[in-house]
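Just below is one structure, and these are the notes that go with it.
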Amino acid sequence: MKKVRVIALGTILACSIGLGTLSVEAGNENSGYSFKIKKEQGNETTGTKYRQTTTERNTWKVRMYKSEEGTNTYTTYWLETNGTNVSPAVDVKAGSGGINSGRNHYIKGNAGANATEVRLTAENNNYSSSTYSVDGYWDEETGRMLPSQYKTYYTTEYNK
C-alpha cells in the first residue's frame, strides 16, 4: 500500500513538473501592417515587438492579403533586430485583397531573434524601380513550433 502511494505521488509530481515546462507564453495574434515597398529592394519595416521565446522553432507569422502590385505577386519578408536579419527571408504571395485572402506563413527565428525586440522587414522580391503598397498582418511569435519535417517555414490556408 505504501509503495502504491509513493508511486502515485511520484507520478503526480512528475506530471506537475512536466506541465510547467510545456507552458508557451506566446499567442497567435494578428498585428496589422501597411506600408509602401521601396524601389530597388530598399527595406521597409514595422515598429518593434518583443519576442520572448528562447527557442528558434517557435515560429513567427506573416500574411500579405493585399499588394498594389497585384494578386499572386510576391514580396520578401523577414525579422530583424538592430539592422541584423534574425530569421530566414520568405517570399510571400499576395492575396486578392480581402482580409482573409492569402496564406499564413509560419517561419522559424534564428538564435538572434530570441528574447529581443524584433521588427518585420520587407522588400520587393525583384530589383525594380517601382514602389507599391502592401497590407497584411504579422505576429512576432505564435506559440506554434515548426514541425520537424520543415527546415525554415510552412504555410497554411486562410485563418488556420
Side-chain angles (χ1 to χ4, degrees), residues 19 21-128 130-160:
L19 289 175
T21 60
L22 291 177
S23 66
V24 177
E25 298 166 357
N28 195 358
E29 302 164 348
N30 296 325
S31 298
Y33 69 86
S34 180
F35 44 65
K36 191 158 277 284
I37 300 298
K38 297 176 180 175
K39 65 181 182 175
E40 299 167 354
Q41 296 185 320
N43 294 349
E44 185 59 63
T45 63
T46 64
T48 61
K49 292 176 75 176
Y50 187 72
R51 185 173 151 87
Q52 56 190 332
T53 187
T54 57
T55 177
E56 297 171 29
R57 296 192 75 78
N58 186 346
T59 60
W60 61 277
K61 171 180 74 178
V62 65
R63 173 185 286 203
M64 179 173 58
Y65 58 81
K66 183 179 181 182
S67 171
E68 234 178 26
E69 214 179 18
T71 302
N72 297 327
T73 58
Y74 290 89
T75 300
T76 305
Y77 291 87
W78 65 93
L79 292 183
E80 71 177 46
T81 184
N82 299 322
T84 301
N85 296 6
V86 291
S87 79
V90 176
D91 288 337
V92 176
K93 189 187 326 185
S96 60
I99 195 163
N100 290 325
S101 66
R103 292 179 178 243
N104 286 331
H105 290 66
Y106 292 90
I107 306 106
K108 75 175 199 141
N110 297 338
N114 295 344
T116 192
E117 296 281 337
V118 296
R119 66 180 72 234
L120 179 66
T121 306
E123 71 180 15
N124 194 331
N125 68 308
N126 53 51
Y127 198 81
S128 169
S130 300
T131 63
Y132 57 95
S133 296
V134 294
D135 296 292
Y137 55 81
W138 74 294
D139 186 1
E140 81 285 359
E141 64 180 317
T142 64
R144 287 185 173 204
M145 296 300 146
L146 183 69
S148 59
Q149 69 265 35
Y150 301 102
K151 290 187 178 187
T152 56
Y153 75 96
Y154 70 100
T155 62
T156 62
E157 293 185 44
Y158 311 110
N159 287 320
K160 294 182 181 174

*Do Y77 and Y33 have ring centroids that are under 6.0 Å from one another?*
yes

*Is there a donor-acceptor pair under 3.5 Å between the side chain of R57 and the backbone N or O of P147?*
yes

*Can you see which heavy atom on Y127 is nearest to which on Q41, and at what distance?*
N-NE2, 3.9 Å

*Enumerate the residue pairs fulfilling salt bridge (charged side-chain N to carboxylate O under 4.0 Å, His left out) with a member in residues 109-128, sequence neighbours excluded, ordered by first and then second residue.*
none

*Quick one: pull up CG in N110 and CD in E80 and give me the separation to the nearest 0.5 Å.*
12.5 Å

*Measure the OG1-CZ distance between T131 and F35 for me, rounded to the nearest 0.5 Å.*
13.5 Å

_Reported CG-to-OH distance for the pair N124 and Y132, which is rounded to 0.5 angstrom_ = 4.0 Å

_Value rounded to 0.5 Å, distance of OG1 in T142 from NZ in K61_ = 7.5 Å

*asked:* Please check: side-chain N/O of D139 versus main-chain N/O of E29, any donor-acceptor pairing under 3.5 Å?
replied: yes

*Stepwise side chain to side chain donor-acceptor pair (under 3.5 Å) test for S34 and D135*: CA-CA 4 Å; S34 180; D135 296 292; 2.5 Å; yes

*Which heavy-atom pair separates I99 from Y137 by the least distance, and what is that distance?*
O-CE2, 4.1 Å

*Does a side-chain heavy-atom distance below 4.5 Å link Y65 with N100?*
no

_Measuring from atom NZ of K38 to atom CD of E44, what distance do you get when rounded to the nearest 0.5 angstrom?_
5.0 Å

*Decide yes or no on side chain to side chain contact (heavy atoms under 4.5 Å, CB included) for L146 and Y154, but give the supporting numbers first.*
CA-CA 8 Å; L146 183 69; Y154 70 100; 3.7 Å; yes

*asked:* In the structure I gave you, are the side-chain heavy atoms of V62 and I107 within less than 4.5 Å of one another anywhere?
replied: yes

*More than 12 foreign heavy atoms under 6.0 Å from NZ of K36: is that the case here?*
yes

_I need the minimum non-hydrogen distance between W138 and V118, along with the two atoms involved._
CH2-O, 4.1 Å

*Which pair of non-hydrogen atoms, one from G70 and one from A94, has the smallest distance, and what is that distance?*
O-CB, 3.6 Å

*Can you tell me how far CZ of R144 sits from CH2 of W60, rounded to the nearest 0.5 angstrom?*
14.5 Å

*side chain to side chain contact (heavy atoms under 4.5 Å, CB included) evaluation trace for I37 with E68*: CA-CA 10 Å; I37 300 298; E68 234 178 26; over 6 Å; no

*Worked check of side chain to side chain contact (heavy atoms under 4.5 Å, CB included) between T75 and V92*: CA-CA 5 Å; T75 300; V92 176; 5.8 Å; no

*Flag, side chain of S101 to backbone of S96, donor-acceptor distance under 3.5 Å*: yes

*Does E141 reach the main-chain N or O of N58 with its side chain, forming a donor-acceptor pair under 3.5 Å?*
no

_Could you report the tightest heavy-atom contact between V86 and A113, atom names first, then the distance?_
O-CB, 3.4 Å

_Testing E69, K93, M64 one by one against Y74 for a side chain to side chain contact (heavy atoms under 4.5 Å, CB included), which residue passes?_
K93

*Any luck finding a side-chain donor-acceptor pair between N125 and T76 under 3.5 Å?*
no

*Taking side chain as C-beta onward, heavy atoms only, is Y150 less than 4.5 Å from T155?*
no

_Test your reading of the model: is there a side-chain donor-acceptor pair from S87 to the backbone of L79, 3.5 Å cut-off?_
yes

